[in-house]
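We use all heavy atoms of the structure for the numbers below, so side chains are in, but hydrogens, waters and symmetry mates are not.
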Amino acid sequence: AVKLDTAGEYSFVVRVEKKPDEAVATNNSRAFRLKVVEDKIRVLALFGAATWEYRYLKHALIRDATMECATFLQRQDGSWFYEGTHDTKKVPVDLEGMLKFDVVILADTAVKGYLSVETIDAIERFVGEVGGGFIYVAGEINGISPLVGTKLENLLPVKAAPLPLTKSFSTPFRPQK
């Protein structure tokens with residue numbers, strides 16, 4: 001166990017010894033960076049719908065004394081509704097704006113038409129180049145498909161297939177015996 005008492009950025013390598021019957025040993029080590037902060041954790045949370053998850057997480061972030069948050073809820077007209085404790089009142093559109101946060105949460109968020117190309121690029125750079133945190137919560141309304149074909153798709157630990165947008169059902173589903 002390692003205890004880090006001083007704020008700063010640290011680099012680590014974790015290694016596991018090769019077992020005698022192990023076929024592949026090239027994946028037995030992993031390098032990673034860790035940022036230790038003394039300040040509050042600064043969270044940017046973008047929500048696509050006023051779901052129960054939105055209501056719970058928004059209130060939890062605002063009430064938590066160790067967090068400083070900016071929560072935004074998508075409106076149907078493409079604008080964003082802000083609530084939070086962070087001094088940022090608009091969704092950041094560049095890397096400089098993203099650097100005011102430690103983690104970005106996208107929850108059930110529609111991307112195309114709501115997030116600008118600049119914001120998408122800034123999130124991708126914030127995570128890929130700077131090492132910022134990223135959480136994607138696929139929801140009932142937007143799921144994971146909004147990220148397909150965007151730079152944000154590369155941030156996911158899975159490969160998502162696009163959903164056909166033209167598929168519709170003309171008759172309601174009825175269970176059969």
Side-chain angles (χ1 to χ4, degrees), residues 4-10 32-163 165:
L4 303 172
D5 294 324
T6 308
E9 290 195 27
Y10 298 89
F32 64 94
R33 293 182 355 200
L34 181 67
K35 182 178 180 181
V36 176
V37 295
E38 292 178 12
D39 297 330
K40 294 181 177 185
I41 298 170
R42 302 165 301 164
V43 179
L44 171 63
L46 305 173
F47 295 91
T51 60
W52 289 110
E53 291 84 359
Y54 160 74
R55 290 179 182 112
Y56 175 80
L57 189 55
K58 175 193 69 166
H59 289 294
L61 290 170
I62 290 172
R63 289 180 183 151
D64 191 330
T66 65
M67 303 282 178
E68 190 175 281
C69 69
T71 63
F72 293 90
L73 177 63
Q74 287 178 336
R75 293 180 174 149
Q76 290 183 350
D77 65 0
S79 65
W80 294 90
F81 175 73
Y82 167 83
E83 286 185 272
T85 57
H86 194 276
D87 61 354
T88 296
K89 306 292 188 243
K90 293 183 179 180
V91 175
V93 293
D94 56 17
L95 183 58
E96 183 180 338
M98 290 294 167
L99 291 175
K100 295 178 181 177
F101 297 95
D102 299 307
V103 63
V104 174
I105 300 172
L106 293 182
D108 204 7
T109 309
V111 175
K112 295 172 184 163
Y114 286 90
L115 292 179
S116 68
V117 173
E118 294 81 11
T119 298
I120 292 170
D121 184 56
I123 293 171
E124 192 270 335
R125 290 184 62 209
F126 171 72
V127 176
E129 295 174 17
V130 181
F134 179 73
I135 299 171
Y136 185 77
V137 181
E140 293 178 31
I141 297 171
N142 292 300
I144 200 169
S145 62
L147 300 188
V148 175
T150 71
K151 288 184 174 185
L152 300 179
E153 178 180 18
N154 299 327
L155 304 179
L156 297 175
V158 297
K159 293 293 178 195
L163 295 176
L165 298 176

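T85 places no side-chain N or O within donor-acceptor distance of the main-chain N or O of I62, the cut-off being under 3.5 Å. Side-chain N or O atoms of T71 include none that pairs as donor or acceptor with a backbone N or O of A45 at under 3.5 Å. Under the 3.5 Å distance criterion, the side-chain polar atoms of Q74 are left unmatched by any main-chain donor or acceptor of Y114.
Within a 6.0 Å sphere centred on OH of Y56, heavy atoms belonging to other residues, nucleotides or ligands number 12 at most. Few gaps surround NZ on K89; more than 12 heavy atoms of other groups in view lie less than 6.0 Å from it.
The OH atom of Y136 sits 7.0 Å away from the CG atom of D108 when rounded to the nearest 0.5 Å. Atoms NZ and CG, from K151 and D121 in turn, are 3.5 Å apart once rounded to the nearest 0.5 Å. Distance NE2/H59 to SG/C69: 11.0 Å, rounded to 0.5 Å. Interatomic distance, I123 CD1 to L152 CG, rounded to the nearest 0.5 Å: 5.5 Å. Rounding to the nearest 0.5 angstrom, the gap separating the NZ atom in K58 from the CZ atom in R63 is 9.0 Å.
A salt bridge (charged side-chain N to carboxylate O under 4.0 Å, His left out) check over residues 128-139, counting only residues at least two apart or in different chains, returns the pairs R125-E129.
In this structure, the side-chain hydrogen bond (donor to acceptor under 3.5 Å, both in side chains) partners of T66, at least two apart in sequence or on a different chain, are D64.
The shortest non-hydrogen separation linking G133 to V127 is O-CG2, 4.2 Å. Closest non-hydrogen pair, P92 versus G97, comes out as CB-C, 3.7 Å. Between V93 and S116, the shortest heavy-atom contact is CG1-OG, 4.1 Å. Residue R75 comes nearest to F81 through the heavy atom pair NH2-CD1, 3.0 Å, listed as atom of the first residue, atom of the second, then distance. Nearest heavy atoms, A122 versus L95: CB-N, 3.6 Å.
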Would you mind writing out the side-chain donor-acceptor pairs for residues 99-107 within the sub-3.5 Å range, not counting sequence neighbours?
residue	atom	partner	partner atom	Å
D102	OD1	R42	NH2	2.9
D102	OD2	R42	N	2.8
D102	OD2	R42	NE	3.3

Stepwise side-chain contact (heavy atoms from CB on, under 4.5 Å) test for L115 and L46
CA-CA 10 Å; L115 292 179; L46 305 173; 3.9 Å; yes
Derivation and outcome, side-chain contact (heavy atoms from CB on, under 4.5 Å), residues L147 and V111:
CA-CA 7 Å; L147 300 188; V111 175; 3.5 Å; yes
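With contacts defined as side-chain heavy-atom distances shorter than 4.5 Å, the pair L4/L34 qualifies.
Between W80 and F72, the ring planes lie perpendicular to each other; the angle is over 60°, past the 30° to 60° tilted range.
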